Protein chains: 2
Amino acid sequence: MFLFKPLCTSINTEKTNMYFVTEILKQFATISEKAKIELAEMVIKRELPKGTLLLEEGKTCKYLNFLESGFARAFYYQDGKKITSWFAFENDIVASMYSFTTQKPSFENIEIIENSVFHSIYFEQLEKLYRKYPEFNLIGRLLIEKYFIELEERILSLQIQPAKERYQKILKNQPELLQRASLGHIASYLGISQETLSRIRANI
Amino acid sequence: MFLFKPLCTSINTEKTNMYFVTEILKQFATISEKAKIELAEMVIKRELPKGTLLLEEGKTCKYLNFLESGFARAFYYQDGKKITSWFAFENDIVASMYSFTTQKPSFENIEIIENSVFHSIYFEQLEKLYRKYPEFNLIGRLLIEKYFIELEERILSLQIQPAKERYQKILKNQPELLQRASLGHIASYLGISQETLSRIRANI
DNA sequence: TTCACTTTTTGACTTTTGTCAAAAGATAAA
DNA sequence: TTTATCTTTTGACAAAAGTCAAAAAGTGAA
């Protein structure tokens, strides 16, 4: 039932009264005191070491994970190669959007790159929350609207910018990504070969 | 105040009791009879002729438009060239997501390609609806989740598929697009030059 | 430190895609 | 029909990016 157990047996899976998730969500809309407490009680804190697979291709994403500290990425396989679909930093929400919202098997994997602390909500619990406190639908809507706009920007970049400009955009907007992710991961994220990225980097 | 007036003076802007929007939305969740009526009263039916700009760059997208019949696209300018960001068919929702959700000036234009009939809701009216009937937040959330997944698929395609495969994907999944949109529009949508698309098409 | 392993860089070459210009085809109005 | 306009195709060449292989650099454990 719990997706993570077979994959990371050495991990702390304690239920805590953390307010980390609440703090993130209340940036989008106010949450009543009662809902806040109920939410906090649903949240499971998990510390996952580097190298763990938080989600495996073919399995269904049952958790919405809020990343307190650490670094993760999603990737899928294409002709045997791993292609990065996104990176997640502190305060980001980590889940396969497709698999979580549809509750169908995921086509992507989520991999912990740096030791991470997550605060996670189980799918059914979240559904319960949505039903009991309709205000959470507002938060959910605003939250996904934010991520939607990020996707639109990324499409724009892949659609019209040559590789060099895509790299320079990251250099300008997310320089910390270049410090924390490997060249190969970044290259596939940008949709180019590792060699091309290495050459672009050498000419700047 | 009304975005469309200066752009399309010859257009019918009648307030009707249409249930077109309701029919689209109730696929996502049930709507109470009362909310249904209130929604229908907010909807404005508009018939826009081919060539009209439904939204102009720099202006704020004040309407969420449901396309009953016709065909439209969004485009933005890049080095003086028009780049198509998406196409909209019957039953699609037409708006600049960025501009509508943030109520900031749009970077993209929306152009009517074939004479179209829209059912439109004004931003403030929709907000009122969200406040009065929280169930609409559920619909809004589910709806944007659906479009989110489509964007993810498009990123995947731009990230890893060569031009020929991107074209073949459309050929397979949206053959009607190839009938209704011009070669140049499709080429910029795929992120390639018109000449390349012409050559790809010649070799299939 | 040394060794094994992984990541990054470099070189040589190929393939894909873009650009510019001109021709061909299609469309619509006079 | 003729003309003007717009779209699509084709050719010749240039630029961007990929592939394969090998070297160099970095990392971590013994």
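Numbers restart at 1 for each chain; the letters A, B, ... are given by sequence-line order, proteins then strands. These values consider heavy atoms only, across backbone and side chains, with no hydrogens, waters or symmetry-generated copies. Quick caveat: nothing in here was measured; it's all calculated off a predicted structure.
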Can you give one letter per nucleotide of nucleotides 25-30 of chain D, going 5' to 3': B for a protein heavy atom under 4.0 Å from the base, S for sugar-phosphate only, - for none? ------
Each nucleotide of nucleotides 7-12 of chain C classed B (base within 4.0 Å of a protein heavy atom), S (only sugar-phosphate) or -, in 5' to 3' order, makes -BBBBB
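Remark: A:Tyr130 engages no residue in a side chain to side chain donor-acceptor pair (under 3.5 Å) (not counting sequence neighbours). Residues passing the side-chain contact (heavy atoms from CB on, under 4.5 Å) test with B:Leu142, sequence neighbours excluded: B:Phe28, B:Leu138, B:Glu145. Under the rule for a side chain to side chain donor-acceptor pair (under 3.5 Å), the partners of B:Tyr133 that lie at least two apart in sequence or sit in another chain are B:Glu38. Residues forming a side chain to side chain donor-acceptor pair (under 3.5 Å) with B:Gln103 (at least two apart in sequence, or on another chain): B:Lys62. With sequence neighbours excluded, no residue forms a salt bridge (Lys or Arg N to Asp or Glu O under 4.0 Å) with A:Glu57. Here B:Ile24 pairs with B:Phe20, B:Phe66, B:Asn91 under the side-chain contact (heavy atoms from CB on, under 4.5 Å) rule; sequence neighbours left out.
For the pair A:Leu39 and A:Leu25, the minimum side-chain heavy-atom distance is below 4.5 Å.
Remark: A:Ser106 OG to A:Glu56 CD distance equals 10.0 Å, nearest 0.5 Å.
End-to-end axis angle of the helix from C:dT1-D:dA30 to C:dA30-D:dT1, from C1' rotation axes over five pairs per end: 40° (rounded to 10 degrees).
Residues in residues 86-95 of chain A take part in these salt bridge (Lys or Arg N to Asp or Glu O under 4.0 Å) pairs, two or more places apart or across chains: A:Glu90-A:Arg180. Residues in residues 82-105 of chain A take part in these ring pair (Phe, Tyr, Trp, His ring centres under 6.0 Å) pairs, two or more places apart or across chains: A:Phe71-A:Phe87, A:Phe71-A:Phe89, A:Phe87-A:Tyr189, A:Phe100-A:Phe123.
For the segment residues 151-161 of chain A, the set of residues with a heavy atom within less than 4.0 Å of an atom of DNA chain D is empty.
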Please test A:Ile121 against A:Tyr63 for side chain to side chain contact (heavy atoms under 4.5 Å, CB included), starting from the C-alpha separation and ending with a verdict. CA-CA 5 Å; A:Ile121 307 174; A:Tyr63 286 93; 5.9 Å; no
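Side-chain atoms of A:Asn109 and A:Arg73 include no donor-acceptor pair closer than 3.5 Å.
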